[in-house]
Amino acid sequence: MILVSACLLGVNCKYSGKNNFNIEVNKYLEDKEFVPICPEQLGGLATPRLPAEIKKNESYLQGERRVFDCEGNDVTDKFIKGAKETLSIAKLCKCTQAILKDGSPSCGYREIYDGTFSGRKIKGIGVTTALLKQNNIQILQEFDIIK
């Protein structure tokens, strides 16, 4: 069973209320069993919602990374809740693999936005991706899926 970012399947769940439909991912999944998830919705965030990015906050011990929306609200707890809910679904459905949306503060694996809301990306990993990876779920991004 494969966990999949719902936005890649065409579900309008990203922060803007739109989706990140990916034809290659959808073709890849045609003959496979999968479970669509949106960690941000599972964490209690609305759609649409304010964009959020991971920031290194010097006031936290050891440079802990926190998630803030573009108005400066700390939404870390909702991202952590969404990650935990996603992991629960993965375990319940016996998922061994996840195809996630890169760049997302939840699902990013290679890159995330840098926390300045300037559109710049840096190497980094999202909150949900980190938790899934810690629990031995293989992570793929949409770019890993070949026609």
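V25 and F143 fall into different hydrophobic clusters, where Ile, Leu, Val, Met, Phe, Trp and Tyr side chains are chained together by heavy-atom contacts under 4.5 Å. Follow the hydrophobic side-chain contacts under 4.5 Å out from V35 and you reach L87 in the same cluster. Hydrophobic clustering, with ILVMFWY side chains joined whenever heavy atoms are under 4.5 angstrom apart, groups L131 together with I37. V75 and Y113 are not part of a single hydrophobic cluster, where members link through side-chain heavy atoms under 4.5 Å apart. There is no path of hydrophobic side-chain contacts, each under 4.5 Å, that joins V11 to I2.
In this structure, I112 and R65 have side chains that are in contact, with non-hydrogen atoms separated by less than 4.5 Å. Between I99 and N22, every side-chain heavy-atom pair lies at or beyond the 4.5 Å cut-off.
Of the possible donor and acceptor atoms, none in the side chain of T128 sits under 3.5 Å from a partner among the backbone N and O of P39. Side chain of D69 to main chain of L50: no donor-acceptor pair is present (N/O by atom type, distance under 3.5 Å, no hydrogens or angles). Remark: the backbone N or O of C7 is not paired with any side-chain donor or acceptor of S5 at under 3.5 angstrom. Judged by distance alone, the side chain of K32 and the main-chain N or O of Y28 form a donor-acceptor pair under 3.5 Å. The closest donor-acceptor contact from the side chain of Q141 to the backbone of D102 lies under 3.5 Å.
If you run side chain to side chain contact (heavy atoms under 4.5 Å, CB included) between F21 and each of N12, N26, L9, only N26 comes through.
Rounded to the nearest 0.5 angstrom, L8 CG and K101 NZ are separated by 6.5 Å. Separating the CG atom in L3 from the OG1 atom in T96 is a distance of 10.0 Å, to the nearest 0.5 Å. Taking CG of L92 as the start and CE of M1 as the end, the distance is 9.5 Å to the nearest 0.5 Å.
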Intermediate values then yes/no, side chain to side chain contact (heavy atoms under 4.5 Å, CB included), V127 and V67: CA-CA 9 Å; V127 177; V67 186; 4.0 Å; yes

Side chain to side chain contact (heavy atoms under 4.5 Å, CB included) assessment of I89 paired with C93: CA-CA 6 Å; I89 292 168; C93 296; 4.2 Å; yes

Stepwise side chain to side chain contact (heavy atoms under 4.5 Å, CB included) check, E53 with F68: CA-CA 6 Å; E53 296 185 4; F68 291 89; over 6 Å; no

Q138 vs Q97, side chain to side chain contact (heavy atoms under 4.5 Å, CB included): CA-CA, chis, key distance, verdict: CA-CA 5 Å; Q138 178 191 16; Q97 186 179 67; 2.9 Å; yes

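Taking a 6.0 Å sphere around NZ of K133, one finds it holds 12 or fewer heavy atoms contributed by other residues, nucleotides or ligands. Summarising the local packing, NZ of K84 is surrounded by 12 or fewer heavy atoms from other residues, nucleotides or ligands at distances under 6.0 Å.
Annotation: cation-pi pair K81/F79 absent, no NZ/CZ under 6.0 Å from the ring centroid and within 45° of its normal.
Between K14 and N19, the side chains place no donor N or O within less than 3.5 Å of an acceptor N or O (distance only, hydrogens not considered).
In this structure, K78 does not pair ionically with E40, as no charged nitrogen and carboxylate oxygen lie closer than 4.0 Å. Ionic pairing of K123 and E111 is not present here: no N-O contact between side-chain nitrogen and carboxylate oxygen is shorter than 4.0 angstrom. In summary, D74 and R66 engage in a salt bridge, as defined by a charged side-chain N under 4.0 Å from a carboxylate O.
Here the closest non-hydrogen pair linking S118 and T116 is OG-OG1, 2.6 Å. Residues A90 and L132 approach most closely at CB-CD2, 4.3 Å, considering heavy atoms. The two residues T47 and C13 come nearest to each other via the heavy atoms OG1-O, 3.5 Å.
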